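Here is the structure we will look at, set down as structure tokens.
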Protein chains: 2
Amino acid sequence: MTEPLSADMFPDADCADRPMPFRVGGKWTGWVLRCLDDGPHRFTELRVALHWVTPKVLTETLRAMERDGFLTRTVHDENPPRVEYGLTVLGRSLIGPLDGACDWARRHAPEIAEARGAYRS
Amino acid sequence: MTEPLSADMFPDADCADRPMPFRVGGKWTGWVLRCLDDGPHRFTELRVALHWVTPKVLTETLRAMERDGFLTRTVHDENPPRVEYGLTVLGRSLIGPLDGACDWARRHAPEIAEARGAYRS
DNA sequence: CTGCATCCTACATGATACTG
DNA sequence: CAGTATCATGTAGGATGCAG
């Protein structure tokens, strides 16, 4: 596990641009869950995968998820410092409903696009 | 169908106060879905059930849902005017994932509360 | 590398008053 | 009844720079 995360893990056409009526926590919480699904990863790895979110926002997201028990933050006492974030059992349990929401979005995105196109006034 | 909506349809203790990491659309979208699940209802009925949301916010929510094809707006040409909002098939299909999210929240709310209590620093 | 401090903008939400 | 118009506010999200 813990293969390095790809910067193209979330190509725009397939994720951000699709009308997604569901939100999990903050704007980035769902994506962090997906990033950590295969094992722990580091701060900068997450930054790259999440299209260079600003460190402030990423820190806030991670702190909130840690506070709610969705992930753990592990500091390895090395130089240079290494910090790893990994999902807890509770955090992992979020992935089921998250998948349900994503499946819905995948299946019904065309209908939403059509409805928006047909909407006038 | 279309029994009048109760003002206590969403008692605070059971909904708004529970930590809910999921969001469907805007803040009120999920609650509108629940209100319309049993059939069409009127603007003011929705206002009452949703704890007297301001008309501006309710209008914005309903317009957005209409635009995305989740509900239909029907104007009955009477006096006084009567407008009814009802779910489309697409809107109804949102209820499945919504239930999944709510079930998750119900089951794991205690763990989140515990994690928040244990969180220090 | 990690992530805090500061400042800033945009949007979501809301209160209040008014109209056909 | 079913909204619209206007104004106000809080918070999420982001840009930039600096520190351990």
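It should be emphasised that the depicted structure is a prediction, and the values quoted were computed from it without experimental measurement. A, B, ... follow the sequence lines: proteins, then strands. Residue 1 opens every chain.
When heavy atoms are screened at a 4.0 angstrom cut-off, Trp28(A) is found touching the sugar-phosphate backbone but no base atom. Contact annotation for Arg47(A): no contact, since no heavy-atom pair falls under 4.0 Å across all strands.
For the pair Trp52(B) and Val75(A), nearest-nucleotide mapping onto DNA chain C gives the more 5' position to Val75(A). Toward the 5′ end of DNA chain D lies the nearest nucleotide of Val83(B), the other residue of the pair Thr61(A) and Val83(B) mapping further downstream.
A close approach under 4.0 Å does occur between a side-chain nitrogen or oxygen of Arg73(B) and OP1 or OP2 of dG3(D). Thr54(B) has no side-chain polar atom (N or O) that falls below the 4.0 Å cut-off from OP1 or OP2 of dT16(C). Residue Tyr85(B) places at least one side-chain N or O closer than 4.0 Å to OP1 or OP2 of dG3(D). For Arg42(A) and dT2(C), the shortest distance from a side-chain N or O to OP1 or OP2 is below 4.0 Å.
The nucleotide whose nearest atom lies closest to any side-chain atom of Pro81(B) is, among dC1(D), dC1(C), dA17(C), dC1(D). The nucleotide whose nearest atom lies closest to any side-chain atom of Thr59(A) is, among dG3(D), dC4(C), dC1(C), dC4(C). Among dT4(D), dG14(D), dC4(C), the nucleotide with an atom closest to any side-chain atom of Arg63(A) is dC4(C). In the set dC1(D), dG13(D), dG14(C), dG13(D) carries the atom at the smallest distance from any side-chain atom of Val57(A).
At distances below 3.5 Å, not a single donor-acceptor pair connects side-chain atoms of Glu111(B) with backbone N or O atoms of His108(B).
Side-chain N/O atoms of Lys56(B) and base N/O atoms of dT4(D) include no donor-acceptor pair closer than 3.5 Å. A donor N or O paired with an acceptor N or O is not found under 3.5 Å between the base of dG13(D) and the side-chain atoms of Lys27(A).
Glu60(A) places its CD atom 16 Å from the P atom of dC7(C), with the value rounded to the nearest Å. With rounding to whole Å, Asp77(B) atom CG is found 14 Å from dA2(D) atom P. Across the protein-nucleic acid pair, Phe43(B) atom CZ and dC1(D) atom C1' stand 10 Å apart, rounded to whole Å. Atoms CZ (Arg23(B)) and P (dA12(D)) sit 10 Å apart, rounded to a whole Å. For the pair Glu66(A) CD and dT2(C) C1', the computed distance is 14 Å after rounding to whole Å. The CD-C1' distance, from Glu78(B) to dG3(D), rounds to 17 Å in whole Å. Look at CG on Leu62(B): it is 10 Å from P on dT4(D), rounded to the nearest Å. One interatomic measurement links the two molecules: CG of Asn79(A) to P of dC1(C), which rounds to 12 Å at whole-angstrom precision.
Tracing side-chain contacts under 4.5 Å through hydrophobic residues (I, L, V, M, F, W, Y), one never reaches Val57(B) starting from Val48(B); they form parts of separate clusters. The same ILVMFWY cluster, assembled from side-chain heavy atoms under 4.5 Å apart, contains both Phe43(B) and Val75(B). Cluster annotation: Val89(B) and Leu33(B) are assigned to distinct hydrophobic clusters (Ile/Leu/Val/Met/Phe/Trp/Tyr, side-chain heavy-atom contacts under 4.5 Å, transitive).
Remark: Met65(B) CE to Tyr85(B) OH distance equals 11.0 Å, nearest 0.5 Å.
Looking at every heavy atom in both residues, Trp28(A) comes nearest to Leu50(A) through CZ3-O, 3.9 Å.
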